[in-house]
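From a predicted model like this one, the values you see are computed outputs, not experimental measurements.
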Amino acid sequence: MRKVIFLVLILFLTASGKEKTLLLDKFSNPVPLPSDKLIILNFMAYSCGHCMAEIPTIKKVLKEKEFEGRFVVIAFALDGKENNFKDRDFPIYANNPKNQVIFPIFGTPTTYIITPSGKKLAVIYGALTEENIRKYLREALSKSASGRI
């Protein structure tokens, strides 16, 4: 009985007062998520030609008036050795395999559009084109109560 009470107490103490960590980088550091924007999670690989080709497409569409300031991109490189924040509009974290438990991928690129709390609004397998990213962004905005989070 004492063991059960001790376990419950430990679980309560570790759970209370701590914010849930949704995503981790390769080094198990929590990845900060904005609280006021929808998030585009892009699982990619540096060795993937389609992944690298879609980066400018995503950035271009996000600069359009309809989407500007409403989304943030967070990318995870499956073959990344270090985090890469050279491009502020497209930060790339070295992926932690634990991320793929919550956000399964079956190949690269795979893109999720999520709320700040992690609710999945869209999943896109394969490379994004301007047309299909616009479609998914609009759907995500619609699902998130007309763009309000």
Side-chain angles (χ1 to χ4, degrees), residues 7 10-12 14-149:
L7 260 173
I10 293 292
L11 289 172
F12 176 78
T14 57
S16 64
K18 283 191 176 180
E19 195 171 301
K20 180 182 171 190
T21 300
L22 186 62
L23 297 161
L24 302 170
D25 71 5
K26 180 178 184 171
F27 314 103
S28 295
N29 298 313
V31 173
L33 302 178
S35 60
D36 60 343
K37 297 178 183 178
L38 295 179
I39 301 155
I40 299 170
L41 292 181
N42 183 258
F43 289 93
M44 46 85 74
Y46 289 111
S47 59
C48 168
H50 292 292
C51 300
M52 301 311 289
E54 78 177 2
I55 292 172
T57 302
I58 293 169
K59 289 171 55 174
K60 177 183 176 187
V61 171
L62 289 178
K63 288 181 182 175
E64 295 174 3
K65 186 177 180 179
E66 182 178 1
F67 308 116
E68 190 173 29
R70 300 175 90 178
F71 293 88
V72 66
V73 175
I74 298 175
F76 289 95
L78 301 185
D79 56 356
K81 294 181 180 11
E82 299 292 329
N83 295 335
N84 179 349
F85 305 131
K86 292 176 188 169
D87 185 344
R88 291 183 330 148
D89 296 329
F90 208 96
I92 301 173
Y93 291 86
N95 186 52
N96 187 315
K98 291 178 183 178
N99 295 332
Q100 292 161 240
V101 173
I102 300 170
F103 301 101
I105 64 166
F106 301 103
T108 57
T110 296
T111 305
Y112 285 85
I113 303 174
I114 65 169
T115 65
S117 65
K119 180 181 177 188
K120 298 172 190 170
L121 301 174
V123 183
I124 308 111
Y125 299 106
L128 292 165
T129 64
E130 286 186 37
E131 296 78 29
N132 71 4
I133 191 170
R134 284 186 192 103
K135 178 186 120 192
Y136 286 110
L137 294 178
R138 286 181 186 122
E139 285 177 12
L141 286 171
S142 176
K143 287 180 183 178
S144 68
S146 301
R148 290 181 173 70
I149 302 171

Side chains of Ile133 and Phe67 in contact at under 4.5 Å (non-hydrogen atoms): no
Polar side-chain atom of Asn95 near backbone of Ala77 as donor-acceptor pair, under 3.5 Å: no
What is the ring orientation for Tyr125 with Phe106, classed by angle as parallel under 30°, tilted 30 to 60°, or perpendicular over 60°? tilted
Atom CD1 of Ile105 and atom CG of Leu78: how far apart are they, to the nearest 0.5 Å? 4.0 Å
Please give me the minimum heavy-atom distance between Pro104 and Tyr112, naming the atom from each residue. O-OH, 2.5 Å
Arg134/Glu66 ion pair, N-O < 4.0 Å: no
Any side-chain heavy atom of Val73 within less than 4.5 Å of one from Lys59? no
Taking all atoms of both residues into account, what is the closest heavy-atom pair of Asn96 and Ser28, and its distance? ND2-OG, 3.4 Å
Leu38 side, atom CG; Leu137 side, atom CG - distance, nearest 0.5 Å: 9.0 Å
Determine the minimum heavy-atom distance between Phe43 and Thr108, stating which atoms define it. O-CG2, 4.0 Å
Looking only at heavy atoms, the pair that brings Glu54 and Ala127 closest together is OE1-CA, 3.3 Å
Calculate, to the nearest 0.5 Å, the distance between atoms CD1 and CG belonging to Ile39 and Leu22 respectively. 7.5 Å
Hey, could you give me the CD1/CD1 distance between Ile74 and Ile114, rounded to the nearest 0.5 Å? 7.0 Å
Looking at Lys98, I'd like to know if its NZ atom is crowded, meaning that more than 12 non-hydrogen atoms belonging to other residues, nucleotides or ligands lie closer than 6.0 Å. no
Would you say the side chain of Glu139 lies within less than 4.5 Å of the side chain of Ile113, judging by non-hydrogen atoms? no
Take Asp89 and Leu62 through the test side chain to side chain contact (heavy atoms under 4.5 Å, CB included) and record every step on the way to the result. CA-CA 9 Å; Asp89 296 329; Leu62 289 178; over 6 Å; no
Given side chains that start at C-beta, do those of Leu41 and Asn99 come closer than 4.5 Å, heavy atoms only? no
Measure the spacing between SG of Cys51 and CG of Asp79 and express it to the nearest 0.5 Å. 8.5 Å
Closest non-hydrogen atom pair between Tyr93 and Pro32, with its separation: OH-CD, 3.7 Å
Considering only heavy atoms from C-beta outward, does the side chain of Thr115 approach that of Leu121 to under 4.5 Å? yes
Atom NZ of Lys60 with >12 non-hydrogen neighbours under 6.0 angstrom: no
Side chains of Lys120 and Phe103 in contact at under 4.5 Å (non-hydrogen atoms): yes
Is there side-chain contact between Tyr136 and Thr111, with at least one heavy-atom pair below 4.5 Å? no
Report the distance from atom NZ of Lys26 to atom NZ of Lys81, rounding to the nearest 0.5 Å. 6.0 Å
For Thr129 versus Thr57, what's the shortest heavy-atom pair and its separation? C-CG2, 3.8 Å
